[in-house]
Number of protein chains: 4
Amino acid sequence: MVAGHPNTLRLAGEEDSSKRRQILDGAKKVFMDFGFDGASMGEIARAAGVSKGTLYVYFADKNRLFEAIVEEETLEQGRLAFNFDPGRDVPTTLREFGQAYIQLLCRPGGGSAIRTVMAIAERMPDVGRRYYENVLEKMIGRLASYLEARVSMKELAIGDCQFAASQFMLMCQASLFLPFIFQAAPPPSPERITQVIESATQMFLAGYRPRDE
Amino acid sequence: MVAGHPNTLRLAGEEDSSKRRQILDGAKKVFMDFGFDGASMGEIARAAGVSKGTLYVYFADKNRLFEAIVEEETLEQGRLAFNFDPGRDVPTTLREFGQAYIQLLCRPGGGSAIRTVMAIAERMPDVGRRYYENVLEKMIGRLASYLEARVSMKELAIGDCQFAASQFMLMCQASLFLPFIFQAAPPPSPERITQVIESATQMFLAGYRPRDE
Amino acid sequence: MVAGHPNTLRLAGEEDSSKRRQILDGAKKVFMDFGFDGASMGEIARAAGVSKGTLYVYFADKNRLFEAIVEEETLEQGRLAFNFDPGRDVPTTLREFGQAYIQLLCRPGGGSAIRTVMAIAERMPDVGRRYYENVLEKMIGRLASYLEARVSMKELAIGDCQFAASQFMLMCQASLFLPFIFQAAPPPSPERITQVIESATQMFLAGYRPRDE
Amino acid sequence: MVAGHPNTLRLAGEEDSSKRRQILDGAKKVFMDFGFDGASMGEIARAAGVSKGTLYVYFADKNRLFEAIVEEETLEQGRLAFNFDPGRDVPTTLREFGQAYIQLLCRPGGGSAIRTVMAIAERMPDVGRRYYENVLEKMIGRLASYLEARVSMKELAIGDCQFAASQFMLMCQASLFLPFIFQAAPPPSPERITQVIESATQMFLAGYRPRDE
DNA sequence: AATGAATGAGTGTTCATTCAT
DNA sequence: GATGAATGAACACTCATTCAT
């Protein structure tokens with residue numbers, strides 16, 4: 001009956017129709033602010049400035065709209081550029097990456113994609129998995145590649161670079177992300193973030209600096 | 001108006017009535033599996049083996065029931081004992097604590113308290129804050145106290161033990177928690193956990209071992 | 001199964017058990033304040049200081065409890081004594097009766113039996129009818145008897161005394177009862193009541209004074 | 001939040017949408033038959049021939065729907081035309097007005113607005129007050145104006161015309177309204193009404209006819 | 001394509017009533 | 001008799017979804 005929703009027909013690279021764009025923008029705001037269950041299609045329609053019916057012209061149902069939002073966020077965050085020039089020195093690279101990473105996690109304004117996706121991951125495992133793989137794992141992978149490059153330059157001594165990358169990223173979160181996501185503290189100040197990342201960098205270097213014999 | 005639900009009258013230490021216990025157990029399962037919004041009072045009643053009406057005999061409303069679940073989980077997790085004997089050596093203490101901590105986070109069986117609380121923290125900030133303070137912050141604090149003891153024994157050189165504790169705990173999660181919570185990987189094997197914690201311990205010691213001059 | 005509720009077994013004149021009395025008192029207050037639907041059995045139990053279960057020991061259900069209340073109120077108001085001594089002069093008798101009647105109707109403190117019964121009369125016609133017959137019609141009848149006595153003394157010229165009594169009573173309400181019951185005005189002052197009744201009395205006398213030929 | 005229900009947007013004079021009209025008609029019937037509490041939204045939906053959800057498209061909640069019904073009834077009854085031409089003689093005017101008034105009060109078909117509003121007036125004082133002011137008080141006022149005109153023509157001798165109007169209206173109810181509203185008697189026959197009003201008219205004239213010196 | 005009126009299944013909650021103690 | 005824990009049917013209300021226009 002439904003011959004296919006517009007979204008399923010879109011070719012890669014085709015630009016969104018303005019209505020579809022409107023909907024995605026409105027829905028993103030509402031989903032991120034209220035979570036999947038807390039967001040109502042009516043609220044989304046209002047936020048998008050379209051009628052409720054129009055939502056269903058572009059998206060088969062609420063799930064699919066949500067998935068589209070997460071997919072877009074996933075792509076966007078997956079596209080984030082970091083300077084992983086293998087020629088750059090390790091401390092600088094780690095510091096800059098750490099900054100960008102924490103800013104992604106602790107985005108002010110509350111509605112954070114990561115929380116929203118975490119929340120629903122149990123009921124929509126594919127959504128969670130894809131977000132993890134395309135954003136976080138990918139980020140880990142890119143950092144890991146950089147680290148490998150420096151390992152082969154003998155500047156670092158790391159057994160499992162993928163794992164080391166993950167370690168670094170989590171250290172960057174220390175004292176920042178959990179209080180933020182549990183609403184136990186206001187978003188951290190830039191100064192605090194800098195301190196934390198500096199410490200993570202030092203620790204990382206202390207742990208993975210090649211041992212002089 | 002209502003002079004108080006049975007739960008508000010319970011004395012400390014008084015054991016739960018069996019019905020109340022049943023409800024808490026059923027509700028915990030449903031809330032943890034489906035999240036606050038995804039859980040319906042009907043489903044909870046069914047899971048608890050009581051009628052919907054009975055739910056409201058023991059809890060004023062869905063929010064209060066949820067809060068009671070989280071409170072209980074909070075207390076239970078906050079009561080978790082770790083061996084922080086200041087006389088024990090650092091590597092052993094960190095390893096054992098790390099194991100217990102990761103087992104708490106990555107509890108098999110899906111429905112995890114931490115995810116459920118995270119998910120709702122934006123709309124129920126008090127619930128989120130209390131969980132963080134009474135479980136995670138408390139755990140950090142206890143590890144920090146231990147570290148301080150070892151610092152004064154000159155075995156560690158740490159500026160901010162609270163922060164260092166947080167760093168250690170996050171390192172323990174490396175490659176484990178995020179894939180788990182995003183449903184991107186099955187719960188990690190005990191061996192994998194041991195490896196990760198060993199690495200975190202080594203890194204921690206490398207970073208905070210006192211420098212001989 | 002139920003061999004008969006205590007109330008159905010009570011002999012006339014037997015005094016109420018204290019529990020039954022408590023229930024009637026509590027229920028009366030709650031029913032008069034909130035109406036039949038607005039009153040809950042729980043609230044009634046609380047007001048009566050007994051358990052909800054006990055309500056059902058004495059009364060088969062909410063309807064029967066309500067009927068008992070109305071019945072009691074009916075009897076009580078039906079027992080109200082007025083001085084209808086046929087020897088007393090008409091103006092005095094009318095004035096005094098009018099006062100008592102208005103005080104019955106416009107009882108301060110809100111919860112008025114008459115409103116409560118009116119409200120439910122469509123759904124419980126028997127209750128309404130019995131209240132009307134045993135209170136209002138009876139009152140009309142007693143006034144009518146008095147009037148008849150004075151008619152036979154040639155002091156009044158009335159064709160239908162029953163109807164004339166009804167006319168007098170309604171005139172006494174002029175400007176008082178409707179604003180009161182529609183919450184459009186505070187309960188009338190005693191002075192105002194006196195004026196109104198005086199006017200009703202004059203009008204009545206003007207209308208039913210025997211015509212001298 | 002919600003920018004306004006359709007009803008709030010209606011321009012004066014704009015005719016009701018057919019659905020809105022259907023709902024008002026169905027709800028009126030159910031509310032008048034069962035009272036505010038006795039009426040369920042499901043029953044109203046059925047009576048109106050719409051779905052429950054549709055009720056909430058047009059009215060924010062049950063209270064608002066009820067208020068709209070009463071408001072409409074209020075306006076309709078407030079618009080009732082009476083011939084209060086100051087040139088018409090008093091007995092005719094009173095008789096005709098009395099007829100119309102009693103027909104309003106004792107409308108056959110049971111469900112009477114006046115009873116329904118009375119019943120709820122304690123819990124919804126505004127609704128009660130507005131009904132009284134816009135229907136009954138207004139009617140009293142119009143009769144009072146007519147009486148004043150005749151007073152200045154020396155045809156009547158009345159101190160307080162507002163009060164006299166109220167007296168007349170209540171006398172017209174004698175033996176009619178209370179039995180009707182308490183379900184103690186079937187609606188009165190037209191002949192009976194005529195008699196009652198004739199008597200009220202006579203009494204009124206007897207009381208307020210100017211005294212010849 | 002876009003609308004928005006309409007739907008009805010589902011929600012949280014209340015409450016008259018029952019019954020084991 | 002008296003209790004109060006427990007029930008489940010009913011309620012007001014929400015919201016994802018449909019469909020005639």
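Here is the naming used below: chain letters follow the sequence lines, and residue numbers restart at 1 for every chain.
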> Dot-bracket for DNA chain E, 5' to 3', counting Watson-Crick or G-U wobble pairs under 3.5 Å, with [ ] for crossing pairs and | for inter-strand pairs?
Replying inline: .||||||||||||||||||||
>> I'd like to check the salt bridge (Lys or Arg N to Asp or Glu O under 4.0 Å) partners of C:K29; sequence neighbours left out, ordered by chain and number.
In response: C:D33
>> Between P on E:dT11 and CZ on B:F34, what's the gap in Å once rounded to a whole number?
In response: 11 Å
Heteroatom pairs (N/O) under 3.5 angstrom, protein to nucleotides 2-4 of chain E:
residue	atom	partner	partner atom	Å
E:dA2	OP2	A:Y58	OH	2.2
E:dT3	OP2	A:S51	N	3.3
E:dT3	OP2	A:T54	OG1	2.4
E:dT3	O5'	A:S51	OG	3.4
E:dG4	N7	A:G53	N	3.3

> Do any of residues 36-48 of chain D sit with a heavy atom less than 4.0 Å from DNA chain F, and if so which?
Replying inline: D:A39, D:S40, D:M41
> At their closest point, which heavy atom of C:G35 faces which heavy atom of C:T116, and how far apart are they?
Replying inline: CA-CG2, 4.3 Å
>> Under the rule for side-chain contact (heavy atoms from CB on, under 4.5 Å), what residues qualify as partners of C:A47, not counting sequence neighbours?
In response: C:V30
> Which residues satisfy the ring pair (Phe, Tyr, Trp, His ring centres under 6.0 Å) test with D:F36, sequence neighbours excluded?
Replying inline: D:F31, D:F66
>> Can you measure C:D61 atom CG to E:dC15 atom C1' for me and round it to whole angstrom units?
In response: 14 Å
>> If the condition is side-chain hydrogen bond (donor to acceptor under 3.5 Å, both in side chains), which residues does D:S40 pass it with, not counting sequence neighbours?
In response: none
> Rounded to the nearest Å, what distance is computed from the OH atom of residue B:Y56 to the P atom of nucleotide E:dG12?
Replying inline: 6 Å
>> Please find the pair of heavy atoms, one from B:A121 and one from A:R115, that lie closest to each other, and give the distance.
In response: CB-NH1, 3.8 Å
>> Please report the distance, rounded to the nearest Å, between CZ in B:R21 and C1' in F:dA5.
In response: 18 Å
> Considering residues at least two apart in sequence or located in another chain, which fulfil the side-chain contact (heavy atoms from CB on, under 4.5 Å) criterion with D:E67?
Replying inline: D:N63, D:R64, D:M124, D:V127
>> I'd like to check the side-chain hydrogen bond (donor to acceptor under 3.5 Å, both in side chains) partners of D:R129; sequence neighbours left out, ordered by chain and number.
In response: D:D126, D:E133
> Between F:dC11 atom P and D:N63 atom CG, what is the distance in whole Å?
Replying inline: 16 Å
> Quick one: side-chain contact (heavy atoms from CB on, under 4.5 Å) partners of C:Q22, sequence neighbours excluded?
Replying inline: C:S18, C:K19, C:V50
> Rounded to the nearest Å, what distance is computed from the CG atom of residue C:L65 to the P atom of nucleotide E:dC15?
Replying inline: 16 Å
> What pairs with B:F182 under ring pair (Phe, Tyr, Trp, His ring centres under 6.0 Å), at least two apart in sequence or on another chain?
Replying inline: A:Y131
>> Suppose we screen for side-chain hydrogen bond (donor to acceptor under 3.5 Å, both in side chains). Which residues come up paired with B:T74, at least two apart in sequence or across chains?
In response: none
